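Below, chains carry the letters A, B, ... as their sequence lines are ordered, and counting in each starts from 1. Please read these numbers as outputs of a predicted model, since none were measured by experiment.
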Number of protein chains: 2
Amino acid sequence: MAQSDTVDRILDAAEELFAERGFSETSLRMITSKAKVNLAAVNYHFGSKNALIHAVFARFLTPFSATLETAFDELEDSCKGKPASLNQTLWALTESAVRMPQRTDKGISIFMRLLGLAYTQSQGHLRKFLEDEYSEPFSRFMRMLKEATPQLSAVDRYWRIQFMLGATAFTMSSSDALIEILENKIGVDTTVQEIAARLVPFLAAGMQARDAMLIPPPGSMVSIA
Amino acid sequence: MAQSDTVDRILDAAEELFAERGFSETSLRMITSKAKVNLAAVNYHFGSKNALIHAVFARFLTPFSATLETAFDELEDSCKGKPASLNQTLWALTESAVRMPQRTDKGISIFMRLLGLAYTQSQGHLRKFLEDEYSEPFSRFMRMLKEATPQLSAVDRYWRIQFMLGATAFTMSSSDALIEILENKIGVDTTVQEIAARLVPFLAAGMQARDAMLIPPPGSMVSIA
DNA sequence: TCGCGCTTCAAACGTATGTTTCAAACAGAC
DNA sequence: GTCTGTTTGAAACATACGTTTGAAGCGCGA
């Protein structure tokens, strides 16, 4: 058997465990026993636990950023000079995420949850790794968002982008649980695609909200809009 | 010296370290050495590390939920039977958070970051503790949101609430890092209060977006609804 | 068949963690 | 001052972690 078998089994197990428990809370022994692989295999093939974390991210982030690049290329081509609209930009992103070739049916939610963890868990090495390797498509997305929302100040745009990221990462990372809760509550089944279809208008509306910054006089909870 | 001194010093140190590093990544030895207290004091006064985590949350969540209850009471009184508006409800929440008596200037951001961590880090015991102790104001908030958005279907409202929670938890849990990034990028300093002031209009606009599932995806993604 | 990389394996290493122990120090009542 | 219950202190405990070791196993060209 080629090494790829062991390597992939480790990556699969690590991906799933990281997504459901976080990085520090997942030990190499959990990973190797789930992958049915010897403990030392991780350090043999990857070098360290941190390097394994990087490999897990690289495995899905590399194809995703390629998909994203072509989606952005196509979008900009079809716009012929004019900047793409906010809706178009958001759809290009979500479509790339949703249409990514998935290894399992849980693929998209694992994907999202890992991204959320990368942002949330203050793992310095991870942040640095992601910045070094994948800053380009991210910057490009930011540039397109900027062109799509010229009415916003840089500061407003910055924060609203964070809000969008949060709503997306949080919801998608818990999509399985949230879908199940809704099923038990109202009896409606939902797909990840449908969540995305509901998310995009929410984000677009938030992004284009008026009156970004009207701190209300203290003590009075006067409506803003 | 009364015990309260040691207890409070432990709580102060734990709160700060938890907020900036997470729970698993913060050891009791870090806490006790920052608090200038003997290692065994934690287990003596609190019983265990998990119990200490609960105590940290209880110390700020108990006054907060009381503040929140009265804010909601006042809001409902001032509305005399009519349901409160979405903006009013959201502002009542954020104002309660922002106006909480703070122990330090970093109080509010620590508060927010801990809440974000509670949501994000899947610490089973913490989730259970929070559900057991503080579910009531949360349910009440949900009820008010429902009355403030009668135009939404139950399913739309459900997802949009998740989007709101995500944007809030995610942004607030990383508020320090995000503020610092913006500072380095544009040279603008920001307070947590300002973030909240920007967040509320974003959330309200997203919550009230029209045509939840209508926008035709460009690039010929098959329509969903 | 031998020899040589590459890979697996069981075992151990050193370190860090949460927790426990038990004697010493302390504070307040009598 | 002495006794009593509470709090602190230094040290040890058992366990879990990431990592390293060195021998055994394997596949394959010579």
OP1 or OP2 of D:dT7 under 4.0 Å from side-chain N/O of B:Asn38 = no
Applying ring pair (Phe, Tyr, Trp, His ring centres under 6.0 Å), name anything that partners A:Tyr158, two or more places apart in sequence or on another chain.
-> none
Think A:His45 has a side-chain N or O under 4.0 angstrom from the OP1 or OP2 of C:dT8?
-> yes
Length of the CZ-P vector between A:Arg9 and C:dT7, whole Å | 15 Å
Got a list of side-chain donor-acceptor pairs under 3.5 Å for residues 178-187 of chain A, not counting sequence neighbours?
none

Can you name the residues that form a side chain to side chain donor-acceptor pair (under 3.5 Å) with A:Asn38, not counting sequence neighbours?
-> none
Among all residues two or more places apart in sequence or in another chain, which pass the side chain to side chain contact (heavy atoms under 4.5 Å, CB included) test with A:Arg140?
-> A:Glu69, A:Phe72, A:Asp73, A:Glu76, A:Arg143, A:Met144
Qualifying salt bridge (charged side-chain N to carboxylate O under 4.0 Å, His left out) pairs with a residue from residues 58-68 of chain A, counting only residues at least two apart or across chains | A:Asp12-A:Arg59, A:Glu15-A:Arg59
Contacts of B:Phe64 that satisfy ring pair (Phe, Tyr, Trp, His ring centres under 6.0 Å) - sequence neighbours left out | B:Phe111
Partner set under side chain to side chain contact (heavy atoms under 4.5 Å, CB included) for B:Ser27, not counting sequence neighbours | B:Arg29, B:Met30
For residues A:Thr149 and A:Arg160, determine if any side-chain heavy atom of one lies less than 4.5 Å from a side-chain heavy atom of the other.
-> no
So, with a heavy-atom separation below 4.0 Å from DNA chain D, the residues of residues 51-60 of chain B are none
To the nearest Å, how far apart are A:Asp5 CG and C:dT8 C1'?
-> 13 Å
Reading nucleotides 14-23 of chain D from 5' to 3' and marking B where a protein heavy atom lies under 4.0 Å of the base, S where only the sugar-phosphate is that close, and - otherwise, the string is ---BBBBB--
